[in-house]
Amino acid sequence: MTRLSGYFLPTEREPPADAEALSHKLMVRAGLVRQVGAGLWSWLPAGWRVHQRIVQIVREEMDAIGGQEMLMPVLQPADPWRRTGRYAIDELFKLKDRRGAEMVLAMTHEEIVTGHVAAAIQSYRQLPMVLYHFQVKERDEPRPRAGVLRTREFIMKDSYTFDRDREGLDAAYDRHAEAYARMLDRCGLEWYRVEADVGMMGGHGSDEYMAPCAAGENDVVLAGGYAANIEVASADAQPVSLPAALDAPEVVETPGMTTVDAVARELGVPAGALLKAYPIVLDGEEMKLVMVRGDHRVNEVKLQNMLGQPFRAARPEEIGARLGPAGFIGPVGTDLPILLDAAVLDDGAGAYVTGANRPDAHLRGVQPGRDFAFERVDVRTVVPGDTVAGATVRIEPAIEVGNIFKLGTRYSEPLGATYLDEAGRGQPVWMGSYGFGPARAAAAAVEQYADQEGISWPRAIAPFDVELVVLGKPGSPERELADRVYAELGEAGLQTLYDERDAGPGEKFTDAELLGCPLRLTIGRRTLAAEEIEVQVRRGRESRSVPVKGAADAVARLWRELP
RNA sequence: CGGGGAGUGGCGCAGUCUGGUAGCGCACCCGGCUGGGGGCCGGGCGGUCGCAGGUUCAAAUCCUGUCUCCCCGACCA
C-alpha cells in the first residue's frame, strides 16, 4: 500500500529529447526508469515493482517444471571462458583484479553452472537436473538503444538443463517451451515462438520468443502457422514473368549499368528476371559465386549456416581477377562453384539476364543448368509477398524477450561435465540453456498496449492494481471517504497507489493515465453526492461506477476480469 | 567501426554565426485563492554554460584537444 505524496515517482510532462522508442519515452516520463549512462539504467520503485512482478511469474513457472533457483556471480575468472572459446567475444567485458588475474563479467552463465555440475555430478542417477537464477548480465554492446530494450547491463533469468542424452534434452527443452508459453501468457503479452539462428552458441536448435511491437529490433516472418526470425526464414518466392528462352545466351551492351534497376529498365524486364552474383571467399581462400534473383537479397546468416563455415565477401580485386568488373559479373563461363538460390527456376520455361564478366555487357537468355552448372541452395532473405504452404507471409518487427537453446555437449565437453552410465562408461552431459529478459518483457508490454495518454499495463505486471485518486482539500469529507476506501482496497487484496497529493484533478488524472495501472478510482464531490465511486478501466479508458458500500470487493471482482 | 546530431538550473529549450551583467516555459519553495482534466495572483531559490588548454581587456560564444550522450547503419553468443 502506497501513498503517492511520499513515493519516489518522478513523472515528466515531456519525454527525454533523445528518446525515440515509445517505451523509452513512456517509461522515463512515468517515472519507472532513469538513465545512468549508455545502456545503463536504474529502475525506480514503480518500475522495479513491474520488473519484480514479471520475475515472480517467471519464477513460478520455472519452479513448476522442477527448476531449482540458485545464484552465481557476475564477476568470474577468465579461465573457463578460455576453455569454451568464448573469451574472444568482443561483447565480453574483461578486466584484471589487483593481483593481475584475468577476470570477466559474465554475459551468461554456461561456464560457471557447467563447472558446478562437472564437479558435483558423477552418476546418471543424479540426472536430469534443472537449475536457474536471476542475475545481472554484462554485455559490451556496440550500440545500446531504445531505453531498456538493449542495454549493457540487464537482469536475465537463465536456466540450464542437464540430461543424459539427446532424448532427455529434447524433453527438457519441450518442458521449457511450455513454461515459456505460460509465463508469456500470464504477463499479458502478445508473442510468437519463432525458429531462430543457433548462432555461435552452437548446438542443435533454438527458438526465440518474440513480442511484436514497433520498436522491435528483429523481423519476424509469419504465415499461417509458420513463424521464423527473418535471419533463418524460408518461403516460396512470388513468381516473376521471365523473358522467353533463347537458343543460347546473347550479349547485350549495357554501358555503365551496374545496378539491377538500370539493367532491368534498359532491357524492359522485371528485376526478378536478373540474376545477381555475390562472390564469397571461404576460410581456405576458396571462392564461390552465390546467385540470387535480382529482386532478392542474399541472407548472410542462412548462407553461413548452409556453408557450415565462416566466409567473407570477395574483394573487388579478387572479383576482377577471377570473374570480371564488379557490376558485370555472372555465372556463365566461370570455373567457380556456383550456389544457386531456390527461387531461381531451371525448368527452361524462361531465361535470365546476368553479367557477362566483361565491362559494360550483360548476357540474356541465360538458363541455369544449360549454361552453367550449380548447386541448389536456399540463401535469400524472405520478402513480403512470399508464401509458405500457400499462405502469404507478413513481416513484423518484434522484441526478443526469450531465447532457448539446445546446447548439446557444446559446454559439457570442454568443461568436463560427464557422468557414468549404467555400464560404467563416462558420458558427456547434454545441456540446454534458456534465457528470459524481464526488462524487455516490461518494455514490450508498454509498446504493445500504450495509447495517447500513456502506458496501459496488463494487470499481472502493473506496478499497482489500482490507483485511487482523491479530489478535494485535505481534511475534506472526500478525503475521509478516500482514506476509508484505500484501507478497504488493501483488505480486498488489491495493491493500491493512493494519490492523496495536494494537487489539482488534471494533474492527478494525467499522471494516473501515464503510469497505466489497470484501474483508476476517483473519489470527489460527485462521489459523495451519488454514493458511487467512478472506476476507469485504463485499457480503453471506459468509465463505470460502483456503489460506495462494498466498493472494494466490487473493484476486486472487476479487476479479476481485466486482461 | 562508418554516417549524422547534441551537451546551457530537475525537464524541455533560446542565446553561439557577429565575444561585452546567463535567459524563457514547466517544475520547485513561501503566501493566498481555486478544487472533476496539468487552474490563478504575488513573492522567491536554483546554473563552474560537459571537461581541459589556448586567444583576448573580456569567452556559453573564437581556436585546439578531450569526454559523454542520442539517432541511422554495421554488429548482436
Side-chain angles (χ1 to χ4, degrees), chain A residues 8 10-21 24-25 28-29 31 34-41 81 84-93 104 106-111 137-147 149-152 154 156 158 196-203 206 208 215 217-218 229 231 300-301 313 399-400 403-405 407 410-411 433 435 437 440 452-454 469-479 482 499 501-514 520-530 532-534 536 541 543 545:
Chain A
F8 187 44
T11 58
E12 296 290 344
R13 192 183 289 251
E14 302 193 51
D18 51 25
E20 200 65 32
H24 182 186
K25 292 178 182 172
V28 171
R29 284 190 57 210
R34 283 293 184 270
Q35 184 167 17
V36 175
L40 300 172
W41 290 81
W81 292 77
T84 59
R86 296 212 296 175
Y87 190 72
I89 295 172
D90 288 334
E91 281 74 22
L92 184 66
F93 277 105
V104 305
M107 50 199 310
T108 61
H109 283 74
E110 278 84 1
E111 278 76 3
K137 302 291 177 271
E138 304 283 348
R139 296 184 185 180
D140 196 358
E141 292 283 350
R143 187 156 100 78
R145 60 176 290 272
L149 230 45
R150 185 169 205 80
T151 56
R152 294 195 292 176
F154 59 96
M156 180 162 99
D158 40 326
D197 180 32
V198 294
M200 298 294 278
M201 285 291 282
S206 172
E208 286 169 332
E217 295 189 283
N218 298 87
N229 191 312
E231 288 180 342
E300 299 199 353
V301 174
I399 297 176
E400 177 192 339
N403 196 182
I404 63 178
F405 294 91
L407 296 175
R410 159 78 177 81
Y411 292 90
S433 80
R440 281 189 172 181
Q452 213 54 38
E453 318 303 323
V469 171
V470 63
L471 308 176
K473 293 191 234 301
S476 62
E478 293 92 321
R479 295 269 174 161
D499 189 353
R501 293 175 299 175
D502 188 13
E507 197 174 339
K508 294 186 173 192
F509 292 145
T510 307
D511 272 353
E513 278 158 16
L514 178 59
R520 186 192 78 201
L521 270 54
T522 306
I523 292 180
R525 194 188 304 159
R526 292 183 199 164
T527 315
L528 298 178
E532 285 186 334
I533 298 174
E534 179 196 323
Q536 188 205 61
R541 301 178 71 220
S543 284
S545 56

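Lettering of chains follows the sequences in order, A, B, ..., and the numbering in each one begins at 1. Note that the structure is a prediction, hence the values are computed from the model and not measured.
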Applying a 4.0 Å non-hydrogen cut-off, can you work out what [X] is touching in the nucleic acid: base, sugar-phosphate, or nothing?
| X | value |
| --- | --- |
| A:Ala146 | sugar-phosphate |
| A:Arg520 | base |
| A:Ala503 | base |
| A:Glu231 | nothing |
| A:Ser476 | nothing |
| A:Glu478 | nothing |

Less than 4.0 Å between a side-chain N and a carboxylate O, is that true for A:Arg34 and A:Glu12?
-> yes

salt_bridge(A:Glu110, A:Arg410) N-O dist < 4.0 Å = no

Evaluate the side-chain contact (heavy atoms from CB on, under 4.5 Å) criterion for residues A:Glu478 and A:Thr522: first the C-alpha distance (whole Å), next the side-chain angles of each, then the deciding distance (0.1 Å), finally the verdict.
-> CA-CA 10 Å; A:Glu478 293 92 321; A:Thr522 306; over 6 Å; no

Measure from the side-chain heavy atoms of A:Asp18 and tell me the nearest of B:G38, B:C71, B:C69.
-> B:C69

Quick one: which of B:G35, B:G73, B:C69 gets closest to the side chain of A:Asp502?
-> B:G35

Residues A:Ser206 and A:Asn403: side-chain donor-acceptor under 3.5 angstrom | yes

When you check every protein heavy atom under 4.0 Å of nucleotides 6-11 of chain B, what one-letter string (B, S, -) results, 5' to 3'?
-> -----S

Looking only at heavy atoms, what is the nearest atom pair of A:Ile523 and A:Ala482, with distance?
-> CD1-CA, 3.6 Å

Atom pair distance, as rounded to whole Å: CD in A:Gln35 and P in B:C69 = 8 Å

Who is the Watson-Crick or G-U wobble partner of B:G12, with both distances under 3.5 Å?
-> B:C24

Please enumerate all protein N or O atoms sitting under 3.5 Å from an N or O of nucleotides 28-32 of chain B, with distances to 0.1 Å.
none

Nearest nucleotide by nearest heavy atom, which residue falls closer to the 5' end of RNA chain B, A:Gly472 or A:Leu514?
-> A:Gly472

